[in-house]
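Values below: every heavy atom of this structure, side chains too, minus hydrogens, waters and symmetry copies. Every number for a ligand or one of its atoms is a count from 1 in the order of the listing.
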Amino acid sequence: MKLWQGRFSTPLSADADAFNESLSFDKKLYKADITASIAHATMLAECGIISQEDGVNIREGLAAILADIEKGDLVIEGQEDIHSFVENELVSRIGDAGKRLHTARSRNDQVATDFRLYTRASARQMVTILKDLVATLTDIAAKNVKHIMPGYTHLRKAQPINCAQYFNAYAEMFLRDANRFVDALKRIDVMPLGSGALAGTSYPIDRTITQNLLGFAEMSQNSLDAVSDRDFVAEYLFACSLVMAHLSRLCEDTILYSSTEFGFWEMPDAYSTGSSIMPQKKNPDISELVRGKTGRVYGHLMAILTTIKGVPLAYNKDLQEDKEGLFDAEKTVKDCLVVYTAMLKEIKLNVKRMEIAAAEDFTAATDVADYLAKRGVPFRTAHGVVGKIVRYCLEKGKTLETMSLAEYKEHSEVFDEDVLKVVKATSSANSRNSVGGSSMAAAKAGIKSLRSRLKKLPTYEE
Ligand code: ARG
């Protein structure tokens with residue numbers, strides 16, 4: 001039976017019913033729904049709106065329903081949505097007391113409350129999972145602080161960098177992501193319960209009781225806004241989208257660096273796949289799939305933004321569309337983060353190959369220009385001189401390291417013996433000692449800073 005059947009002469013037609021229902025997906029909210037209803041019933045009894053006895057019966061009935069669902073003894077089916085399911089089940093178990101649960105409440109403030117409880121728990125889990133990834137990346141960085149690799153711009157070798165600096169860069173991104181969820185939680189963690197259908201309630205409710213029972217940091221301050229606000233869903237999905245953007249970039253690097261053309265990383269066999277026809281293939285499917293899944297998470301963000309833009313105050317059924325995207329994004333992002341973190345722990349770095357590559361292709365050219373500039377040659381002039389040196393090397397089949405001092409001097413009198421040290425890839429990386437730069441010291445400081453900021457993130461129990 002529908003919760004609202006009284007006003008209608010005929011039941012909802014089967015096709016409309018199937019179209020309208022949300023139980024097939026909002027059953028995920030069962031725990032949040034029961035938790036919020038227990039708090040609501042407790043408040044109703046404490047405020048004398050229902051009797052203490054009804055309050056106890058409702059609470060015990062709801063707790064038993066929760067236990068039965070979790071044991072697998074009660075299958076969630078046959079109703080319009082999770083709210084109808086729980087309420088009908090309660091009424092069938094405890095009778096009239098169950099029919100009093102919905103006093104001073106509407107499904108509109110109920111669903112908003114349930115979904116915020118769910119999203120809060122999910123965002124907290126995201127922070128925990130992201131912390132593990134950041135810790136993993138800083139561990140890899142710490143292990144490789146003595147190694148160098150080429151740094152790229154335009155996917156062309158640019159300057160030698162410390163390996164740790166590279167992994168620190170991704171750790172920075174995922175640390176920002178963790179902080180973005182923490183920040184979004186300030187706006188997720190607000191209780192709409194007590195807003196009624198749209199305009200509040202005439203019953204003498206005490207919203208601080210439910211707020212405290214449900215552990216909400218704040219309560220909403222406008223009932224019209226509270227029942228129709230889904231900004232928190234958009235924010236959650238935006239935070240998810242940036243996680244995917246960062247993961248997708250890491251995937252791209254992983255795919256390139258593990259190719260034979262680069263040969264920088266060796267992917268673990270346990271996280272690689274083969275080809276049904278080409279026996280030699282070792283494919284980076286995990287990275288490709290994570291990169292590919294980025295699109296669907298972005299899609300969910302666009303969907304909610306588009307859904308909420310046309311919703312007049314206050315609640316409209318459009319808002320039922322808020323859930324499936326969030327559930328799918330949640331699963332997608334968590335799965336991607338977990339599998340990627342596990343895979344990263346087993347990636348082997350071919351440090352020799354990276355070191356050789358770091359020195360190839362004139363990566364120390366900027367250092368040679370800086371060498372001249374530091375000795376009084378205007379930087380633009382120095383840039384031109386080194387450009388000519390590179391051309392000379394290309395013609396003669398030389399590198400900046402195999403050029404003799406005499407050859408350097410032919411290009412500028414300013415060059416001295418010490419230029420031959422400057423052009424070494426390791427000295428080049430280590431010379432960029434500015435905060436956050438590519439030197440070993442800066443990379444070590446980067447790890448320390450990341451770890452201390454990681455510690456400052458909150459720890460959540462649920
Ligand atoms: N299934 C609905 C949703 O997800 C629950 C709220 C229904 N409220 C209403 N007035 N029909 O939004």
Side-chain angles (χ1 to χ4, degrees), residues 1-8 10-37 39-40 62 65 69 76-91 99 101-122 188 190-201 210 214 220 222-234 236-237 300 303-330:
M1 199 38 174
K2 296 281 182 255
L3 296 176
W4 39 262
Q5 194 57 53
R7 190 231 175 275
F8 295 86
T10 57
L12 191 61
S13 86
D15 54 353
D17 198 14
F19 183 72
N20 191 51
E21 71 87 32
S22 54
L23 187 68
S24 54
F25 50 88
D26 70 14
K27 60 182 169 197
K28 260 180 133 51
L29 299 178
Y30 74 87
K31 196 171 177 182
D33 192 73
I34 292 172
T35 308
S37 286
H40 181 66
L62 288 169
I65 291 172
I69 293 172
I76 304 174
E77 61 187 9
Q79 297 289 339
E80 177 182 332
D81 55 26
I82 188 62
H83 326 294
S84 312
F85 176 84
V86 172
E87 191 177 317
N88 281 318
E89 182 63 28
L90 184 68
V91 172
K99 294 185 184 169
L101 169 62
H102 211 54
T103 313
R105 186 177 76 171
S106 153
R107 277 186 299 164
N108 298 351
D109 58 346
Q110 186 179 359
V111 69
T113 304
D114 294 0
F115 203 30
R116 280 175 181 271
L117 285 173
Y118 184 94
T119 308
R120 180 177 74 181
S122 177
I188 294 169
V190 180
M191 186 191 74
L193 196 61
S195 299
L198 74 163
T201 177
T210 38
L214 296 171
S220 61
N222 182 301
S223 61
L224 297 174
D225 177 43
V227 293
S228 58
D229 169 27
R230 296 295 183 274
D231 294 0
F232 68 99
V233 181
Y236 174 96
L237 288 172
H300 296 315
I304 191 67
L305 288 171
T306 312
T307 294
I308 59 184
K309 90 175 187 41
V311 175
L313 273 180
Y315 177 86
N316 294 259
K317 189 74 170 217
D318 315 40
L319 297 177
Q320 181 166 290
E321 285 293 307
D322 60 357
K323 294 173 200 62
E324 287 159 288
L326 187 139
F327 293 149
D328 184 69
E330 174 192 40

Legend entry - Residue list, side-chain hydrogen bond (donor to acceptor under 3.5 Å, both in side chains) with Arg105, at least two apart or on another chain: Ser37, His102

Legend entry - Partners passing side-chain hydrogen bond (donor to acceptor under 3.5 Å, both in side chains) against Asn316 (at least two apart in sequence or in another chain): none

Legend entry - Distance under 6.0 Å and angle within 45° of ring axis: Lys28 vs Phe327: yes

Check ligand 1 for N or O atoms under 3.5 Å from a protein N or O and list each pair with its distance.
from, atom 1, to, atom 2, distance (Å)
ligand 1, 1 (N), Ser22, OG, 3.0
ligand 1, 1 (N), Gln320, OE1, 2.7
ligand 1, 4 (O), Lys323, NZ, 2.5
ligand 1, 8 (N), Asn108, OD1, 3.0
ligand 1, 10 (N), Asn108, OD1, 3.0
ligand 1, 12 (O), Tyr315, OH, 2.5

Inset, instruction - Using modelled atom types only, decide if a donor and an acceptor are shared between the side chain of Ser220 and the backbone of Met191 within a distance under 3.5 Å. - result: yes

Legend entry - Set of side-chain hydrogen bond (donor to acceptor under 3.5 Å, both in side chains) partners for Glu87, sequence neighbours left out: none

Legend entry - Asp229 and Arg116 ion-paired at < 4.0 Å: yes

